[in-house]
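Everything on this sheet refers to the single structure shown next.
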Number of protein chains: 2
Amino acid sequence: MTATATSTNTSATGRDNRRPQLLDSAARNFCDQGYDAASMRDIAAAAGMKAGSMYYYFPSKEDLLVAVHEEGIRRITDAVNDALAAVEGPWERLRAAIGAHLDVLLGGGDYARVVIKALPPDDSEAHDRLIALRNDYEAIFVRLVNELPLPDGTSRRHLRLLLLGAMNWSQTWYRPAGDDPQAIAEAFVQLIRQGEPQ
Amino acid sequence: MTATATSTNTSATGRDNRRPQLLDSAARNFCDQGYDAASMRDIAAAAGMKAGSMYYYFPSKEDLLVAVHEEGIRRITDAVNDALAAVEGPWERLRAAIGAHLDVLLGGGDYARVVIKALPPDDSEAHDRLIALRNDYEAIFVRLVNELPLPDGTSRRHLRLLLLGAMNWSQTWYRPAGDDPQAIAEAFVQLIRQGEPQ
DNA sequence: GTCTATAGCAAGATAGAC
DNA sequence: GTCTATCTTGCTATAGAC
């Protein structure tokens, strides 16, 4: 008996739970329709289940959204950290991070998109928690921007907000037929980098 | 009989309709709660009316949202055009436009906020129409960016998307206690302008 | 674990009195 | 024009059988 399994197995395969499929389905539905418009029935149906059964895995719709957000943030964070692992130079590192962020956000499936598109109601308990999660992630960019060689008096805070805003808003206008996420990242960095001190 | 009035007056004051109050209330509720979560009952109540009565003015909730968007876009457009009227110089004009956009978006009431925060469902008929409205507005920035003196090879399209994204996303992080919209506009322009050709 | 069935409620919209 | 009353529909969530 391991400490992680709290109950006896009910399936010979060990895959005794369908949380992952439910999360996938929830991510897809929240992304397509928004949090309010997505229904538990539809989410369950897309995972091959009836609505009532979901409550075995998630005690409420809001908990489901929180779980999708956590997974989404985790995926973006991992992608950005992976992209940074082998890159040297402050501008190159910023470019790599923006590229990874845009890759996941624009071409990486539904989880990351939900993080940007579907927030819970402003007054809910989950709201503050998800904002905090996002802030943790954005701390990566605080550091990347702080390491840039910039003229004195440049507002690094506004630079970070400018870039994160531009990145996150790109969901609004991005079309796969246009230039790809890496090209967008390159263009954004060039715009900031113009005339930098050589 | 004028062509614009289609029925006999029913009120001695001439203010025979309460559309404006309903729009105000709708803007406030869509802004605070989002399109789906805002209810026709609440919107009507805030305008001193019962839900059923609203349908005299607006045939559906979606029509109400469209009307709020139209008014929001109109207000942003007017503010930006007013700000541009007296300003010369391409960078100064860009700065003025960003300042006006941010003023309305961050401190100008609910209409403009709804334009950014509350879109109708992706598959609705109203959606395309509101996107088109926004594109018309953003054409102002196409022109402002085209007039900037920039190094050859700079992607003016990406510069515009960068700036509009940063502006619109600012609703997410802006707090009245921090620096004001004009200061943010100044900071954004400085970040792009660094090392411009003198 | 998944089901059926349903409680309990709130929503958008309509009908018709006044 | 605004009301009351209500239709119809959909939702989250729960209860209990299997």
Side-chain angles (χ1 to χ4, degrees), chain A residues 5-26 29-30 32-68 118 120-121 123-127, chain B residues 5-26 28-30 32-68 118-121 123-127:
Chain A
T6 57
S7 63
T8 58
N9 276 349
T10 55
S11 153
T13 66
R15 300 178 81 261
D16 60 349
N17 98 46
R18 309 192 17 197
R19 241 185 95 110
Q21 290 94 313
L22 282 174
L23 278 179
D24 279 355
S25 170
N29 279 269
F30 288 151
D32 287 351
Q33 312 188 255
Y35 175 68
D36 288 304
S39 82
M40 294 296 266
R41 288 191 227 286
D42 286 349
I43 293 169
M49 215 181 250
K50 296 294 180 180
S53 312
M54 303 184 69
Y55 289 85
Y56 174 78
Y57 297 99
F58 297 95
S60 76
K61 189 183 180 184
E62 213 171 79
D63 284 273
L64 190 51
L65 178 65
V66 170
V68 171
D123 57 348
S124 84
E125 185 200 347
H127 186 265
Chain B
T6 57
S7 62
T8 58
N9 278 348
T10 55
S11 153
T13 67
R15 301 178 80 260
D16 59 350
N17 97 46
R18 309 190 19 195
R19 241 183 94 110
Q21 290 96 313
L22 282 174
L23 277 179
D24 280 356
S25 171
R28 149 101 48 181
N29 279 268
F30 288 150
D32 288 350
Q33 313 187 255
Y35 175 68
D36 288 303
S39 81
M40 294 295 266
R41 285 171 167 81
D42 286 350
I43 292 169
M49 217 182 247
K50 296 294 179 179
S53 312
M54 302 184 69
Y55 290 85
Y56 174 78
Y57 297 99
F58 298 95
S60 76
K61 191 183 180 185
E62 213 171 80
D63 284 274
L64 190 49
L65 178 65
V66 169
V68 171
L119 278 178
D123 56 348
S124 82
E125 185 200 347
H127 187 266

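Neither OP1 nor OP2 of D/dT2 sits under 4.0 Å from any side-chain N or O of B/Y56. Between B/Y57 and the phosphate of D/dT2, there is a side-chain N or O to OP1/OP2 separation shorter than 4.0 Å.
Of the residues in residues 44-55 of chain B, those with a non-hydrogen atom less than 4.0 angstrom from any atom of DNA chain C are B/G52, B/Y55. Of all the residues in residues 32-41 of chain A, A/A38, A/S39, A/M40, A/R41 reach under 4.0 Å from DNA chain D with at least one non-hydrogen atom.
The heavy-atom pair separating B/P59 from B/Y55 by the smallest distance is O-CD2, 3.7 Å. In plain terms, the two heavy atoms of A/V66 and A/A126 that are nearest each other are CG2-CB, 3.6 Å.
The list of side-chain hydrogen bond (donor to acceptor under 3.5 Å, both in side chains) pairs with a residue in residues 59-68 of chain A, not counting sequence neighbours, reads A/S60-A/D63.
If you take CZ on A/F30 and CG on A/L64, they are separated by 4.5 Å, rounding to the nearest 0.5 Å. Note that CD1 of B/I43 is 12.0 Å distant from CG of B/D24, once rounded to the nearest 0.5 Å. With rounding to the nearest 0.5 angstrom, the CE atom of B/M54 is 11.5 Å from the CZ atom of B/R41.
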Check against side chain to side chain contact (heavy atoms under 4.5 Å, CB included), B/M49 and B/Y56: CA-CA 11 Å; B/M49 217 182 247; B/Y56 174 78; over 6 Å; no
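Atom pair B/F58:CZ and C/dT14:C1' shows a separation of 18 Å (rounding to whole Å applied). When the C1' atom of C/dC3 is taken as reference, atom CZ of A/R18 falls 12 Å away, rounded to whole Å. Taking atom CG of residue A/L65 and atom C1' of nucleotide D/dT12, one finds them 15 Å apart after rounding to whole Å. Straight-line distance from the NZ atom of B/K61 to the C1' atom of D/dT9: 14 Å, rounded to whole Å. The CD1-P distance, from A/I43 to D/dA13, rounds to 11 Å in whole Å.
Considering only heavy atoms from C-beta on, A/F58 comes within 4.5 Å of A/L23 through its side chain.
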